[in-house]
Amino acid sequence: MLDLNLIRENPDLVRTALQNRQMDVSPVDEILRLDEKRRSLLTQVEALKAERNAVSKEIGRSKEAATRETKIAAMREVGDRISALDKEVADVEAELHAITSAIPNIPDERTPVGTSEEENVVLRTTGQLPEFDFEPKPHWDLGPALGILDFERGTKITGSRFYVLKGPGARLQRALIAFMLDLHIRQGYTEQYLPFMVRTATVFGAGQLPKFADNLYKDHEEDLYFVPTAEVPLTGLHMDEILEEAQLPLFYTAYTPCFRREKMSAGRDVRGIKRGHQFDKVEMYMYTKPEDSDTLLEKMREDAEATCSALGFTYRVKQLCTGDLGFNSAITYDIEVWAAGCNEWLEVSSVSNVRDFQARRANIKYRPSDGGKARFVHTLNGSGLGLPRTLIAILENNQQADGSVVVPEVLRPWMGGVEVIK
RNA sequence: GGGGAGGUGCCAGAGUGGUUGAAUGGGACGGUCUCGAAAACCGUUGUGGGCUCCGGUCCACCGAGGGUUCGAAUCCCUCCCUCCCCGCCA
């Protein structure tokens, strides 16, 4: 959510932001119009309320019945006008809120302007592309051959885009989760175990509603959403709180499953486990003072990269351009790992500084140590790697000619010492 | 699932229709005192919003949302949450 004052005082900034994101700028004018209408209505209705309050006090003090009756009658009429105006204000505010909540964050000056993901900028590539003296197989062939991945049974018990991990496959994923969480703990994050279902206000606070309702699973009976990412409950953690400056920054890490309907990407990435309706992820999250968020974004990026390095991945860091930037984000780095079987770079992490965008929606502030006015915090989020794509990279890059897969050394403690899955 | 109690400011806790945005106590912060501290005393201590000659002023907020009334923290309705007892399930 953007600051209404910012939109009012600097509409061109917002228009440019929308343009750079390849979006329609007309909502800005609509907001300005509604904002003006709202303030005009408020001036009227508040004057009436002030009058009613004052006269009502007089009525309370008045002893004379006739005077009281006259005043009560007058105030009854004022009350009717207040009700009508209040209704108008509520309508205008609802419309204003609906439009404002659909405006994305303003990209950072350092976010390159571009029209689509084609114009994302590769900042750096680390490691060499692995070489094979045989034709490396994609994971959708490798996994079933090893008996650790079962697509048919996944679709049988649930439907398309669901799969079953079996035996060492399931264990490998669990090893990755434990490894990542422990690594993030060493990097200074505090582990959280969170609800996997959240209320509407929580999803709104994280910026997933109303815009992305189509992508969410919902229990309509209980009015609860299944989390699409741990970012949602991690934002909710301090919703409607005023933190102390001394508490900041807060570093959190959490493992959660993620549930996404993927209506937008129907027909895309249908092969393998790259894009499922249910997948696991370890997430990093920060609450910071505004002046620290730029620096800490780099820490979070380094922490995500450290995970890739420890697993022996060849990876590259991309800077997203305005055309591909997420709704909440001002600046985002994507980390992509090379997968030798399907021959592509897979996005395993997205590290973003959303500044005060989520904090405004979720109402998360901090009180400066000098006792000044409470200010919105900045929040940052980043995947400590999405699990399916990490699994793909391990299976495809560590495969051997006989179809077996070498387990990365750092994971072996959680694999009962198993060195090769065969 | 059945029965009962409750949700008020940073905390505890009054307040059942009219100067109550909210008593009282505690905490925190500032000041006086002190070599310093404690004690004591004095003061300050919410959020959002409108207008503003930027000195203020007005509006809203006592779990959330509606309603009654000239006027609601106080009355009514719905929902949410917490606690206790019983039942049920793990």
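A, B, ... follow the sequence lines: proteins, then strands. Residue 1 opens every chain.
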Separation of atom CG in A:Leu48 from atom P in B:C70, rounded to whole Å: 16 Å
Separation between the P atoms of B:C79 and B:G2, rounded to whole Å: 12 Å
A:Arg375 and A:Tyr366: side chain donor to acceptor below 3.5 Å: yes
A:Arg39 vs B:G49: side-chain N/O to OP1/OP2 distance below 4.0 Å: no
Shortest side-chain distance from A:Asn53, nucleotide among B:A60, B:C51, B:C70: B:A60
Distance, P atom - from B:G9 to B:C62, rounded to whole angstrom: 10 Å
A:Met75 CE - B:G18 C1' separation (whole Å): 15 Å
Watson-Crick or G-U counterpart of B:C35, or none if no pair lies under 3.5 Å: none
Any A:Lys373 side-chain nitrogen or oxygen under 4.0 Å from OP1 or OP2 of B:G48: yes
Separation of atom CD in A:Glu244 from atom P in B:C10, rounded to whole Å: 11 Å
Any-strand Watson-Crick or G-U partner of B:A28, both distances under 3.5 Å: B:U44
G-U wobble or Watson-Crick pairing nucleotide for B:G17 (cut-off 3.5 Å, both distances): none
Whole-Å gap separating P (B:A60) and CG (A:Leu41): 16 Å
Test: A:Arg8 and A:Asp3 ion pair at under 4.0 Å: no
Residue from A:Tyr285, A:Phe376, A:Tyr252 passing ring-ring contact (aromatic ring centres under 6.0 Å, His included) with A:His238: A:Tyr252
Rounded distance (Å) that lies between atom P of B:G49 and atom CG of A:Leu96: 13 Å
Any donor-acceptor pair under 3.5 Å from A:His378 side chain to A:Lys289 backbone: no
First of A:Glu93 and A:Lys71 reached from the 5' end of RNA chain B, by closest nucleotide: A:Glu93
Side chain of A:Lys49 - closest among B:U19, B:C59, B:G71: B:C59
Pairing partner (Watson-Crick or G-U wobble, both distances under 3.5 angstrom) of B:C51: B:G56
Rounded distance (Å) that lies between atom P of B:G50 and atom CD of A:Glu36: 13 Å
Out of B:C81, B:G49, B:C70, whichever nucleotide has its closest atom nearest the side chain of A:Arg38: B:G49
Pair A:Phe357 + A:Phe327: ring centers closer than 6.0 Å: yes
C1' spacing across the pair B:C29 / B:C11, given as an integer number of angstrom: 16 Å
Base paired to B:G6 (Watson-Crick or G-U; both N/O distances under 3.5 angstrom): B:C81
Identity of whatever pairs with B:G1 - Watson-Crick or G-U, under 3.5 angstrom: B:C86
For atom CG of A:Asn5 and atom C1' of B:G48, their distance in whole Å: 12 Å
Phosphate OP1/OP2 of B:G48 contacted by A:Lys365 side-chain N/O (<4.0 Å): yes
Under-4.0 Å side-chain N/O to phosphate OP1/OP2 contact, A:Arg76 with B:U69: no
Contact under 4.0 Å: A:Arg8 side-chain N or O vs B:G49 OP1/OP2: no
Nearest-Å distance once atom C1' is located in both B:U68 and B:G7: 23 Å
C1' atoms of B:G63 and B:C59, separation to the nearest Å: 22 Å
First encountered from the 5' end of RNA chain B, between A:Ser40 and A:Glu51: A:Ser40
Spacing of the C1' atoms in B:G65 and B:C80 (rounded, Å): 10 Å
In B:G55, glycosidic geometry as syn within 90° of 0 or anti otherwise: syn
B:G71 - base-pair partner by Watson-Crick or wobble geometry, distances under 3.5 Å: none
Closest listed nucleotide, where the reference is the side chain of A:Arg367 and the choices are B:U19, B:U47, B:C58: B:U47
Pairwise C1' distance for B:C88 and B:G1, with rounding to whole Å: 8 Å
Interatomic spacing from CD in A:Glu58 to OG1 in A:Thr67 - rounded to 0.5 Å: 10.5 Å
Pairwise C1' distance for B:C61 and B:A22, with rounding to whole Å: 12 Å
Among B:G18, B:G50, B:G46, the one nearest A:Leu42 by side-chain distance: B:G50
N-O pairing of A:Asp91 and A:Arg38 below 4.0 Å: no
d(NZ, A:Lys37; P, B:G49) in whole Å: 21 Å
Atom pair CG (A:Leu146) and NZ (A:Lys422), whose distance is rounded to the nearest 0.5 Å: 11.5 Å
